[in-house]
Q: 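Before we start, here is the structure in question, set down as structure tokens.
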Amino acid sequence: MHFIIILLLFVIGVLMNLVNSERYIVGEGYGWRPAPYPTYYEDWATTVKLKPGDQLEFRFQKPEDLLEIGKYNYYACNSNIPSRQYKDSPAIAFMLVPGDYYFKSSNNTNCINGQKLYVNVAAPIEDDSDDKI
């Protein structure tokens, strides 16, 4: 019974985050394509502060696509084991839980040249103001 209550509270928390979520267009007007310079997407990532429930929208044209990958594959620009592949644009990646997220082009040369994105989703900040009365 306790497990069900905990699960229900978790689901309610996720749904509340989705209601307050924001959607960010990766690369803004440039979109998801070969980077104009090696740190383009890294620089873009510093302009957003992601929280659980936010979404990243990747806009690209075929034959381009998008892979969500692990940390090692991100730094190695390795496409062998994606955790998720997005073939259609716009691709929406949901940042449901705090943590690190890694994305890259499936074209390893484009990845080496900067078409990859690392973002961190920060844990929600607890409001302790009621405890200080």
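Predicted model only: the values in this text are computed from it and were never measured.
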Q: What side-chain donor-acceptor pairs closer than 3.5 Å can you find for residues 98-106, not counting sequence neighbours?
A:
from	atom 1	to	atom 2	distance (Å)
Asp100	OD1	Tyr118	OH	2.9
Asp100	OD1	Asn120	ND2	2.6
Tyr101	OH	Val97	N	3.4
Tyr101	OH	Val97	O	2.8
Lys104	NZ	Ser79	OG	2.6
Lys104	NZ	Asn108	OD1	2.9
Ser105	OG	Glu64	OE2	2.7
Ser105	OG	Asn107	N	3.0
Ser106	OG	Asp65	OD1	2.3
Ser106	OG	Asp65	OD2	3.3

Q: Quick one: does Asp88's side chain get under 4.5 Å of Lys62's, heavy atoms only?
A: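 Yes - at least one pair of side-chain heavy atoms lies under 4.5 Å apart.
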Q: For the residue pair Pro52 and Val121, what are the closest heavy atoms and their distance?
A: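 So the two residues come closest at N-CG1, 3.4 Å.
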Q: Working to the nearest 0.5 angstrom, can you tell me the gap between Leu67 CG and Arg84 CZ?
A: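 If we round to the nearest 0.5 Å, Leu67:CG and Arg84:CZ are 11.5 Å apart.
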Q: Any chance you could measure Gln55, atom CD, to Leu50, atom CG, to the nearest 0.5 Å?
A: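 It comes to 11.0 Å.
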Q: Rounded to the nearest 0.5 Å, what's the gap from CD1 on Ile92 to CZ on Phe58? Could you check?
A: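 Separation between the atoms: 9.5 Å.
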Q: Is any side-chain heavy atom of Leu56 less than 4.5 Å from a side-chain heavy atom of Val48?
A: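 Leu56 does not reach Val48 side chain to side chain.
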Q: Any heavy-atom pair between the side chains of Lys116 and Tyr41 that's under 4.5 Å?
A: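 Heavy-atom side-chain distance check fails, nothing below 4.5 Å.
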Q: Does the side chain of Arg59 come within less than 4.5 Å of Trp32's, by heavy atoms?
A: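 No - every pair of side-chain heavy atoms lies 4.5 Å or more apart.
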Q: Can you get from Ile25 to Met95 by hopping between Ile, Leu, Val, Met, Phe, Trp and Tyr side chains that sit under 4.5 Å apart?
A: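 Hydrophobic grouping puts Ile25 apart from Met95.
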Q: Going by atom type alone, with no hydrogens or angles, which donor-acceptor pairs under 3.5 Å involve a side-chain atom of residues 68-77 and a protein atom two or more places apart or on another chain?
A:
from	atom 1	to	atom 2	distance (Å)
Glu68	OE1	Tyr86	OH	3.2
Asn73	OD1	Asn78	ND2	3.3

Q: Are Thr47 and Tyr24 side-chain neighbours, meaning at least one heavy-atom pair lies under 4.5 Å?
A: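 In short, these two side chains do not touch, never coming nearer than 4.5 Å.
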Q: With hydrophobic residues grouped by side-chain heavy-atom distances under 4.5 Å, do Ile81 and Leu117 end up in a single group?
A: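 Looking at the clustering, Leu117 is in a separate group from Ile81.
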Q: Taking all atoms of both residues into account, what is the closest heavy-atom pair of Asn113 and Ala35, and its distance?
A: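 Looking at all heavy atoms of both residues, the shortest contact is O-CB, 3.9 Å.
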Q: I'd like to know if Val119 and Tyr40 are part of one continuous hydrophobic network [Ile/Leu/Val/Met/Phe/Trp/Tyr, side-chain heavy atoms within less than 4.5 Å].
A: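 Linked, Tyr40 and Val119 end up in one cluster.
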